[in-house]
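Every heavy atom of this structure was used, including side-chain atoms; hydrogens, water molecules and symmetry mates were not. Just so it is clear, the model here is predicted, and its values are computed rather than measured. When a ligand or atom number is given, it counts from 1 through the structure's own listing order. Along the sequence shown, residues carry numbers from 1.
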Amino acid sequence: KSGYITMDPGFGSTGACFSDITYVDGERGILRYRGYPIEQIAERASFVETCSLIIYGELPDAETLNRFRRALAEHAPLHTSLYHYFSGFPESSPPMAILSAMLNLVSCFHPGVLEVHSEGHGFDRTAALLLSKVRTIAAWSYRMSVGKPFNQPNPHLTYCANFLHMMFSEPFQEYIPSPAVERALALFLILHADHEQNCSTSTVRTVASSRANLFSSVASGVCALWGPLHGGANAAVIEMLEEIMASGRKIDYYINRAKDKSNDYKLMGFGHRVYKNFDPRASILKKRVYEVLAELHKSDPLLDIALELEEKTLKDEYFISRKLYPNVDFYSGILLRAIGIPPEMYTVMFAIGRMPGWIANWRELHDQNLRITRPRQVYTGRQERSFVPLEER
Ligand code: SDX
């Protein structure tokens, strides 16, 4: 149970790793965190319970949960010296750039966290510190981008309410989310908490395999997540839906454009490396979006466009034959829109949600004492040849 196995030797190494954290069955649309079906976790767990389950392997009892919550509350504030670094970023800085930079920077103000190993108080403290501070960094990067003062975390609020407070409270008007908004944010984070060996998580494991510390490992995950084919897709879906709405064109125009191989246009939020029938997270989000909009007495024309897009692709041979269905990103942006999160923060929200999965994978790799990751390659370059002097080239 250690190291990588090499499969499909005839088609090159598709090294797979052993993990106990998340199970995904792409054909049957099954996703389980430590054996618990995502549908049950989404319905009955809080995000903090989900973090504890994913990182430590069991649903926490009341004492464990309260201790974890206290640690998250304790670690929410940022070192005052970090304020100066925020003011050094241009206001137009991408929040994902700020997040990856600040995650490494935070470790400079917490001596000893760089030596943490996968067990014991040091790890517990560092895991809580990262889970809590990623929220504060994200909220402050947003406040800085809109030229507003930072809100200090409130230790008496829940994980989600505290984040929304730091995002939206004003000097004389504390933001108190409705239960519908707080529950919708918790659901978003829960559904993003881990997902087997996706691009960003396998990046975290690769960096961790060199025995890099937890901060630099998760900061590398943030960078991998940023790409539009991965975590950047949720914002790209909203951009696509807004373009469709503004264009006045029929949806068929965009479906045909995605099928036209002369361009690289894709329908964002469709397709998945693993799910080939449906992404269970997309199903849960689609149902919840309706509920949240109704609870908030809102409507969103983008939802109608999304539904029509899904309905038409489900009948289209190009999408059916390639098993392209809505993924977690297709409806997640509409949910975030409904609760007032600005589009530039969507991928950052994905990173906040995925933090427990990155931490759990870093810990698992250390527990398994895995060797450094070293993918093999099939060399397709030039055979040996002799050096040519400059005057003869
Ligand atoms: C996430 O791995 C994870 O678990 C990721 C994630 C997680 O929780 O961590 O689930 C989160 O990243 C979800 C994916 C978000 N990305 C997007 O929505 C971007 C749009 N989707 C595509 O870029 C694509 O579907 C991927 C990246 C998701 C999957 O890429 P694959 O499996 O490598 O698919 P492919 O590029 O090999 O495509 C196979 C065929 C190609 O056509 P042909 O060459 O066979 O003619 O399907 C086509 C592709 O052109 N295709 C699409 C398409 N996705 C694939 N055509 C139109 N629109 C699309 N979205």
Any idea which atoms of ligand 1 are less than 4.0 Å away from a heavy-atom of [X]?
{"X": "G269", "value": "17 (C), 18 (O)"}
{"X": "G271", "value": "25 (O), 28 (C)"}
{"X": "N198", "value": "2 (O), 3 (C), 4 (O), 5 (C), 9 (O)"}
{"X": "A233", "value": "15 (C), 16 (N), 17 (C), 18 (O)"}

Test item: side-chain donor near acceptor, R354 and N198, under 3.5 Å: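 N198 and R354 do have a side-chain donor-acceptor pair below 3.5 Å.
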
Donor-acceptor side-chain pairing of T201 and N361 below 3.5 angstrom: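 Per modelled atom types, T201 and N361 side chains form no pair under 3.5 Å.
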
Whether Y318 lies under 4.0 Å from ligand 1, heavy atom: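 Flag set, Y318 near ligand 1.
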
Close approach, R281 and ligand 1, non-hydrogen under 4.0 angstrom: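 Right, R281 reaches ligand 1.
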
In the protein, what heavy atom is nearest to [atom], and what distance, to one decimal place, separates them?
{"atom": "atom 42 (O) of ligand 1", "value": "K261 NZ, 3.1 Å"}
{"atom": "atom 59 (C) of ligand 1", "value": "K266 CB, 3.7 Å"}
{"atom": "atom 58 (N) of ligand 1", "value": "L267 N, 3.1 Å"}
{"atom": "atom 45 (O) of ligand 1", "value": "R322 NE, 3.4 Å"}

Flag if over 12 foreign heavy atoms under 6.0 Å of OH, Y85: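 No, the 6.0 Å shell around OH holds no more than 12 heavy atoms from other groups.
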
Axial cation check for Y265 ring with R257, 6.0 Å and 45° limits: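 Yes - R257 lies over the ring of Y265, closer than 6.0 Å to its centre and within 45° of its axis.
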
Row check, Y318 ring normal vs R322 NZ/CZ: under 6.0 Å, within 45°: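 Verdict for Y318: a cation-pi partner in R322.
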
Apart from L314 itself, residues in the same hydrophobic cluster as defined by side-chain heavy atoms under 4.5 Å: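 Under the 4.5 Å side-chain rule, L314 groups with Y325.
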
Nonpolar side-chain network containing L390, other nodes, edges under 4.5 Å: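 Grouped by the 4.5 Å side-chain rule, L390 forms a cluster of one, so the answer is none.
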
Heavy-atom nearest neighbour of atom 5 (C) of ligand 1 within options H192, H272, Q197: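 It is H272 whose heavy atom sits nearest to atom 5 (C) of ligand 1.
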
Shortest reach to atom 29 (C) of ligand 1 by a heavy atom, considering only K323, R273, E196: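 Shortest heavy-atom distance from atom 29 (C) of ligand 1: R273.
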
Tell me whether [atom] lies less than 4.0 Å from at least one protein heavy-atom position.
{"atom": "atom 56 (N) of ligand 1", "value": "yes"}
{"atom": "atom 35 (P) of ligand 1", "value": "no"}
{"atom": "atom 26 (C) of ligand 1", "value": "no"}
{"atom": "atom 14 (C) of ligand 1", "value": "yes"}

Any donor-acceptor N/O pair, E364 side chain to D20 backbone, under 3.5 Å: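 Side chain of E364 to backbone of D20, a donor-acceptor pair under 3.5 Å: yes, one is there.
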
Among I41, L335, L285, side-chain contact (heavy atoms from CB on, under 4.5 Å) partner for L191: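 Per the side-chain contact (heavy atoms from CB on, under 4.5 Å) rule, the option paired with L191 is L285, out of I41, L335, L285.
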
Test log, rule ring pair (Phe, Tyr, Trp, His ring centres under 6.0 Å), inputs Y23 and Y33: CA-CA 7 Å; Y23 173 73; Y33 293 157; over 10 Å; no

Counting only heavy atoms closer than 4.0 Å, does ligand 1 sit against the backbone of [X], its side chain, both, or neither?
{"X": "K259", "result": "neither"}
{"X": "N327", "result": "side chain"}
{"X": "R354", "result": "side chain"}
{"X": "H230", "result": "both"}

Residues D252 and K250 bridged, charged N to O under 4.0 Å: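 Judged by the 4.0 Å cut-off on N to carboxylate O distance, D252 and K250 do not form a salt bridge.
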
L324, any N or O under 3.5 Å of ligand 1 N or O: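 No.
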
Ring-ring centroid check H195 H272, cutoff 6.0 Å: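 Yes - the distance between ring centres of H195 and H272 falls below the 6.0 Å cut-off.
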
